[in-house]
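Following: one structure in structure tokens, then a few remarks.
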Amino acid sequence: MAGSKFTPDRGLTARMVLTMGLLGVVYVAFIIALILVGLPWPLVVVLVVGFAVVQYFTSDKIALYAMGAHEVTPEQAPQLHAVVDRLCAMADMPKPRVAVADTDVPNAFATGHNEKKAVVCATTGILRRLEPEELEAVLAHELSHVAHRDVMVMTIAGFLGIVAGFLTQMGLRFAAFGGGGNRNSNGPSPAMIALAVVVVSAIVWALSFLLTRALSRYRELAADRAAAYLTGRPSALGSALTKITGDMARIPSRDLRQAEPFNAFFFTPAFSKSGFNMGQLLATHPPVERRLEQLSSISRQLGTGA
């Protein structure tokens, strides 16, 4: 976070390093396991490298497209750009691109694999609902993700799960069609190879899922802290958090379901009314009560009563 005035978070840095290290071990084991179960190594290399390149260099474009978002100029969204300009000046950091997603789901997110490719996006739903100081606090939260570089780590970490999920689906389809051929007398049948790929991929997907979820919960608390100290108004962030989570219940389930895949990147998760909460182990964010408690504590520390 060199050059930024966001409050440093050594706990977040340590967790990012640990997560990337553990994912690296899982990643190498995944490649070895795929080769051992019978997949040709050139195919494994093509899949892994191909997905890595696409995920790393196009993550921002994919996220914006999937959310129906588009970049906006200062002329198109002067108030939104003014807030981002002010916060970037306060934080002494490069200004990211600014985007707006046309959805009533009140939320915001940041994406991109580095500061030059970073994008901060706000939905039309959050722009309509929040007061200026609340919007500033939420955008400070999102900008801290860029400054902390945890957006980059989450982008890279998510790659392994995508590859594992893709291979699991392909293996299941291959096995469902009978393995695509007869048993080879010199080795395992194609169906058995497909089943082995499914098992290995499922295990890797589960491990990467749990590791990224644990990092995601902590990074949200870190971003809340950084935003509160930067703006000096923790109550504004708490007010925005309370308002957004309360309004989620009034959003159509169809819109929430479309937004749910991006929960790990959102300011606060979007859950459909028919959704099922798997508990803290699988949550992308800490409980709202925990976040509000932290903000109240920061308010007391600042001694402003804000």
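Heavy atoms only: backbone and side chains are in, while hydrogens, waters and symmetry mates are out.
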Do the side chains of [Y] and [X] get nearer than 4.5 Å, heavy atoms only?
X      : Y      : result
Thr284 : Phe265 : no
Ile32  : Val28  : yes
Met93  : Lys5   : no
Thr103 : Ile251 : no
Thr111 : Ile62  : no
Arg129 : Asp104 : yes
Thr245 : Phe267 : no

Using every non-hydrogen atom in the two residues, find where [X] and [Y] come nearest and quote the distance to one decimal.
X      : Y      : result
His285 : Phe266 : NE2-O, 2.7 Å
Ile31  : Val44  : CG2-CG1, 3.9 Å
Ala99  : Val119 : CB-CG1, 3.8 Å
Val120 : Pro96  : CG2-CG, 3.6 Å
Glu142 : Ala108 : OE2-O, 3.3 Å
Pro234 : Leu295 : CB-O, 3.6 Å

Give a yes or no on whether the backbone of [Y] and the side-chain of [X] come within a donor-acceptor separation of less than 3.5 Å.
X      : Y      : result
Thr19  : Arg15  : yes
Thr58  : Lys61  : no
Thr123 : Val105 : yes
Arg291 : Leu221 : no
Ser297 : Glu293 : no

As a quick check of understanding, evaluate side chain to side chain contact (heavy atoms under 4.5 Å, CB included) for Arg219 and Val151, giving each step before the final call.
CA-CA 9 Å; Arg219 83 185 190 112; Val151 168; 4.2 Å; yes
Does a sphere of radius 6.0 Å around [atom1] in [X] hold more than 12 heavy atoms from other residues, nucleotides or ligands, not counting ones at 6.0 Å or beyond?
X      : atom1 : answer
Asp85  : CG    : yes
Gln79  : CD    : no
Arg128 : CZ    : yes

Output the distance between atom [atom1] ([X]) and atom [atom2] ([Y]), rounded to the nearest 0.5 Å.
X      : Y      : atom1 : atom2 : answer
Met90  : Glu136 : CE    : CD    : 6.0 Å
Ser144 : Leu139 : OG    : CG    : 11.0 Å
Leu215 : Leu18  : CG    : CG    : 9.5 Å
Glu71  : Cys121 : CD    : SG    : 10.0 Å
Arg225 : Gln294 : CZ    : CD    : 4.5 Å
Leu87  : Asp92  : CG    : CG    : 13.0 Å

When you look at Leu143 and Cys88, which way does the side chain to side chain contact (heavy atoms under 4.5 Å, CB included) test go after all the steps?
CA-CA 8 Å; Leu143 286 172; Cys88 288; 4.2 Å; yes
Which label fits Phe6 and His148: parallel for a plane angle under 30°, tilted from 30 to 60°, or perpendicular past 60°?
tilted
Could you tell me whether the side chains of His81 and Glu75 share a donor-acceptor contact shorter than 3.5 Å?
no
Strictly by modelled atom types, are Asp150 and Tyr218 linked by a side-chain donor-acceptor pair under 3.5 Å?
no
Electrostatic pair Glu133:Arg233 at N-O distance under 4.0 angstrom:
no
Qualifying residue, where the test is side chain to side chain donor-acceptor pair (under 3.5 Å) with His141 and the options are Thr268, Asp224, Thr231:
Asp224
Step by step, work out the side chain to side chain contact (heavy atoms under 4.5 Å, CB included) result for Arg300 and Ser296.
CA-CA 6 Å; Arg300 291 192 295 271; Ser296 295; 3.9 Å; yes
Same apolar cluster (I L V M F W Y, side chains within < 4.5 Å links), Val199/Leu207:
yes
Same apolar cluster: Val25 and Met20, side chain cutoff 4.5 Å
no
Check against side chain to side chain contact (heavy atoms under 4.5 Å, CB included), Asn107 and Met248
CA-CA 10 Å; Asn107 237 314; Met248 284 294 182; 3.3 Å; yes
